[in-house]
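Okay, structure first, notes after.
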Amino acid sequence: MTAADLSRSRLYGILDLGYVEMLDCAKMAEAMIAGGIDLIQLRAKGLVSAQIAELAADLHRLTAERGVPLIINDHPEIARVVSAEGVHLGQDDMPIAEAREIAGANCMVGKSTHSVDQAIRAFYEGADYIGFGPIFATPTKPDYPPVGLEEIQTVHDAVRIPIFCIGGIKLENLPDVLAAGARRVVIVSGLLQARDAAEYARSAKKTLSLRPLTCDL
Ligand code: TZP
Ligand code: MG
């Protein structure tokens with residue numbers, strides 16, 4: 001995945017094993033891809049490394065065939081072994097430079113940020129993209145206070161790398177998130193709990209396309 005691929009990406013889905021069974025991951029990935037998802041992350045808190053590696057390898061065979069980048073949460077060593085396109089780090093994980101060294105130079109590194117200050121730090125630390133949120137309170141990440149819609153424009157003014165707004169974003173509030181200045185979003189439970197994940201992704205892409213990107217970032 002190149003920086004250009006990343007900057008074209010607008011809808012990021014996460015296969016969070018808190019919502020989807022291991023055995024259903026491939027089917028869910030297929031549905032997301034059918035709906036036009038731009039990036040998929042594997043977030044498998046609670047599984048041991050060997051299980052995550054096996055799942056990641058299976059998923060990467062599928063995503064690579066369909067041309068959708070796969071990003072591995074927390075595990076640069078697994079990203080390297082399966083040749084995933086990216087690795088995603090949280091605030092308490094290893095430094096970006098260390099993850100890059102482990103994952104390999106071709107692997108993008110993203111970082112979760114929960115304030116404008118953290119977003120600026122992640123930019124200077126060398127992140128290829130950031131997640132910014134939770135925008136709204138969400139059961140998927142319950143211990144984090146929501147940053148709110150107001151900070152969205154501020155972070156876009158401050159940070160010149162792709163910013164994916166995340167947290168409590170659903171089809172219903174997506175227009176508000178975009179009106180607040182977001183260009184890219186991550187949707188987790190909205191997609192994974194949808195009756196038809198492909199259709200849900202398709203609708204989200206349609207809403208996103210009503211606000212074309214006016215510049216790369
Ligand atoms: N980081 C910030 S909020 C969040 C993560 C992983 C969870 C987003 O999930 P949902 O279900 O779309 O609110
Ligand atoms: Mg982490």
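Below, all heavy atoms of this structure are taken into account, side chains as well, without hydrogens, waters or symmetry copies. Atoms within each ligand, like the ligands themselves, are counted from 1 in listed order.
The side-chain contact (heavy atoms from CB on, under 4.5 Å) test with Tyr200 is passed by exactly one of Ile37, Leu171, Leu192: Leu171.
Tyr12 and Gln41 share a side-chain donor-acceptor pair at under 3.5 Å. Under the 3.5 Å distance criterion, with hydrogens and angles disregarded, a donor-acceptor pair is assigned to the side chains of Asp5 and Thr2.
Listed by number with element, the atoms of ligand 1 under 4.0 Å from a non-hydrogen atom of Ser189 are 10 (P), 11 (O), 12 (O).
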Could you walk me through whether Arg202 and Glu199 pass the salt bridge (Lys or Arg N to Asp or Glu O under 4.0 Å) check?
CA-CA 5 Å; Arg202 212 168 281 130; Glu199 193 45 45; 2.7 Å; yes
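At least one N or O atom of Thr138, backbone or side chain, sits closer than 3.5 Å to an N or O atom of ligand 1. Considering backbone and side-chain atoms alike, Val188 places an N or O below 3.5 Å from some N or O of ligand 1. Residue-to-ligand polar distances keep Arg43 apart from ligand 1: every N/O pair is separated by 3.5 Å or more.
The single protein non-hydrogen atom nearest to atom 2 (C) of ligand 1 is Lys141 CD, 3.5 Å, given as residue, atom name and distance.
Tyr129 has its ring centre less than 6.0 Å from the ring centre of His88.
The nearest N, O or S atom of Asp93 is closer to the Mg ion (ligand 2) than 2.8 Å.
Heavy-atom neighbours of Gln91 CD from other residues, nucleotides or ligands within 6.0 Å: above the threshold of 12.
The atom of Asp74 that is an N, O or S and sits closest to the Mg ion (ligand 2) is OD1.
Within the structure, ligand 1 has Gly168 among the residues with a heavy atom less than 4.0 angstrom away.
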